[in-house]
Amino acid sequence: MSEARARLLRAATRLFYAEGLHAVGVDRVIAEAQVTRATLYRHFPSKDDLLVAYLTEVDESFRARVAEVRAAESSSARSIQEIGRTIASDIRTSGFRGCAFLNAAAEYPDPEHPVHRAVLAHRQWFLETMVDLFSGTGKIDPEPAARHFVMMRDGAMSAGCLTAPEPLCETFLRGVEGLLTFRSREAASS
């Protein structure tokens with residue numbers, strides 16, 4: 001990646017996350033990155049391309065963190081717990097504004113828009129990753145448990161910028177522990 005492209009992505013990431021995708025224009029990104037308009041358009045033919053690149057950067061960063069957790073932990077259950085702690089840690093950071101993907105989906109609701117498609121691709125990967133991890137716990141109903149985890153994560157990420165993070169993170173992490181002991185009613189009654 002060229003230095004100019006890297007500066008553009010760093011500036012875009014900082015600005016889009018802090019202020020919103022529609023609120024930040026390309027002129028602002030150009031000024032922050034200290035590049036010319038021609039340089040921006042050489043690397044990103046449109047603002048949509050820049051937005052997708054921003055979301056791709058966020059996606060790749062999170063995928064790398066999840067891969068590190070999976071490589072470091074001795075079991076699927078421990079990986080799930082650590083991913084939960086990673087999410088809680090993110091919520092506790094200064095300047096937290098919620099999930100970059102949920103924020104982007106709210107600004108780009110058209111399912112055919114490239115930004116929305118990038119959001120859906122990330123979410124599909126995350127759900128599949130959590131299904132795989134819950135499958136590895138040996139417990140029943142890994143897919144509903146994974147969907148529940150993603151739903152709790154969405155709620156925690158959405159509320160995390162609206163209220164004090166500590167009680168929210170504590171509740172989220174207790175929910176993760178609950179999912180690790182989850183059993184379906186059908187299995188419990190048989």
Side-chain angles (χ1 to χ4, degrees), residues 13 17 21 51-52 54-93 96-190:
T13 297
Y17 183 74
L21 307 186
L51 292 171
V52 169
Y54 151 65
L55 290 172
T56 300
E57 285 282 308
V58 175
D59 173 69
E60 289 172 356
S61 174
F62 190 67
R63 286 179 191 236
R65 290 168 66 196
V66 168
E68 287 173 16
V69 166
R70 291 184 85 171
E73 295 302 332
S74 60
S75 70
S76 290
R78 289 187 186 277
S79 291
I80 292 166
Q81 290 168 323
E82 187 57 31
I83 290 168
R85 285 190 287 273
T86 297
I87 291 165
S89 177
D90 288 348
I91 292 169
R92 292 181 183 113
T93 60
F96 180 76
R97 284 204 64 247
C99 171
F101 296 97
L102 293 175
N103 294 345
E107 289 196 54
Y108 287 87
D110 178 2
E112 298 306 314
H113 195 280
V115 168
H116 197 90
R117 287 196 311 263
V119 169
L120 294 178
H122 170 78
R123 291 182 61 78
Q124 185 63 39
W125 164 82
F126 187 57
L127 177 61
E128 289 169 0
T129 298
M130 297 313 298
V131 168
D132 184 52
L133 285 168
F134 275 100
S135 294
T137 66
K139 300 199 182 300
I140 59 170
D141 293 339
E143 189 170 337
R147 285 194 313 266
H148 196 147
F149 183 98
V150 172
M151 181 182 68
M152 288 189 326
R153 177 231 172 249
D154 288 350
M157 296 288 275
S158 295
C161 59
L162 302 174
T163 186
E166 281 312 313
L168 179 94
C169 290
E170 179 184 322
T171 302
F172 170 68
L173 292 173
R174 287 183 71 176
V176 171
E177 291 303 319
L179 286 174
L180 289 170
T181 60
F182 173 75
R183 300 268 191 248
S184 77
R185 291 183 188 191
E186 295 162 7
S189 65
S190 47

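Not measured: the values here are computed from a predicted model.
Shown here for Glu73 and Ser79, the closest heavy-atom pair between the two residues is CB-OG, 3.4 Å. Heavy-atom minimum distance, Gly160 versus Leu168: CA-CD2, 3.4 Å. Scanning all heavy atoms of the two residues, the minimum distance from Leu173 to Ala88 falls at CD1-CB, 4.0 Å. When all heavy atoms of Asn103 and Arg97 are compared, the pair lying nearest together is ND2-O, 3.0 Å. For the residue pair Pro142 and Val131, the shortest heavy atom distance occurs at CB-O, 4.0 Å.
Evaluation of the side-chain hydrogen bond (donor to acceptor under 3.5 Å, both in side chains) rule for Arg174 yields no partner, not counting sequence neighbours. Judged as a side-chain hydrogen bond (donor to acceptor under 3.5 Å, both in side chains), and not counting sequence neighbours, the contacts of Glu166 are Arg92. Partners of Thr13 under the side-chain hydrogen bond (donor to acceptor under 3.5 Å, both in side chains) rule, at least two apart in sequence or in another chain, do not exist in this structure.
Looking at heavy atoms from C-beta onward, Ile83 lies in side-chain contact with Leu133 at the 4.5 angstrom threshold. Side-chain contact between Phe101 and Phe126: absent, with no pair of heavy atoms (C-beta onward) separated by less than 4.5 Å. At a threshold of 4.5 Å between non-hydrogen side-chain atoms, the residues Leu179 and Met130 do not count as touching. Residues His122 and Leu55 have side chains not in contact (no heavy-atom distance under 4.5 Å, counting atoms from C-beta outward).
None of Arg65, Arg85, Arg153 except one satisfies the salt bridge (charged side-chain N to carboxylate O under 4.0 Å, His left out) rule with Asp90; the exception is Arg65.
A distance-only check finds a donor-acceptor pair linking the side chain of Glu107 to the backbone of Leu21 [under 3.5 Å]. The main-chain N or O of Phe96 is never found under 3.5 Å from a side-chain atom of Tyr17 such that the two would form a donor-acceptor pair. Thr171 contributes a side-chain N or O that, together with a main-chain N or O of Pro167, makes up a donor-acceptor pair within less than 3.5 Å. Side-chain N or O atoms of Arg147 include none that pairs as donor or acceptor with a backbone N or O of Leu127 at under 3.5 Å.
Within 6.0 Å of atom CZ in Arg78, 12 or fewer heavy atoms from other residues, nucleotides or ligands are found, so the atom counts as exposed in its surroundings.
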| task | Begin with the C-alpha distance, continue with both residues' side-chain angles, and end with the deciding distance and a verdict on side-chain contact (heavy atoms from CB on, under 4.5 Å) for Glu177 and Thr181. | result | CA-CA 7 Å; Glu177 291 303 319; Thr181 60; over 6 Å; no
| field | Residues Asp154, Arg123; criterion side-chain contact (heavy atoms from CB on, under 4.5 Å); working and verdict | value | CA-CA 10 Å; Asp154 288 350; Arg123 291 182 61 78; 2.6 Å; yes
| request: I would like to know whether Thr129 and Phe62 meet side-chain contact (heavy atoms from CB on, under 4.5 Å); could you show each step before the answer? | output: CA-CA 12 Å; Thr129 298; Phe62 190 67; over 6 Å; no
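Distance OG/Ser89 to CD/Glu82: 9.0 Å, rounded to 0.5 Å. How far CD1 of Ile80 is from CZ of Phe149: 7.5 Å, rounded to the nearest 0.5 Å.
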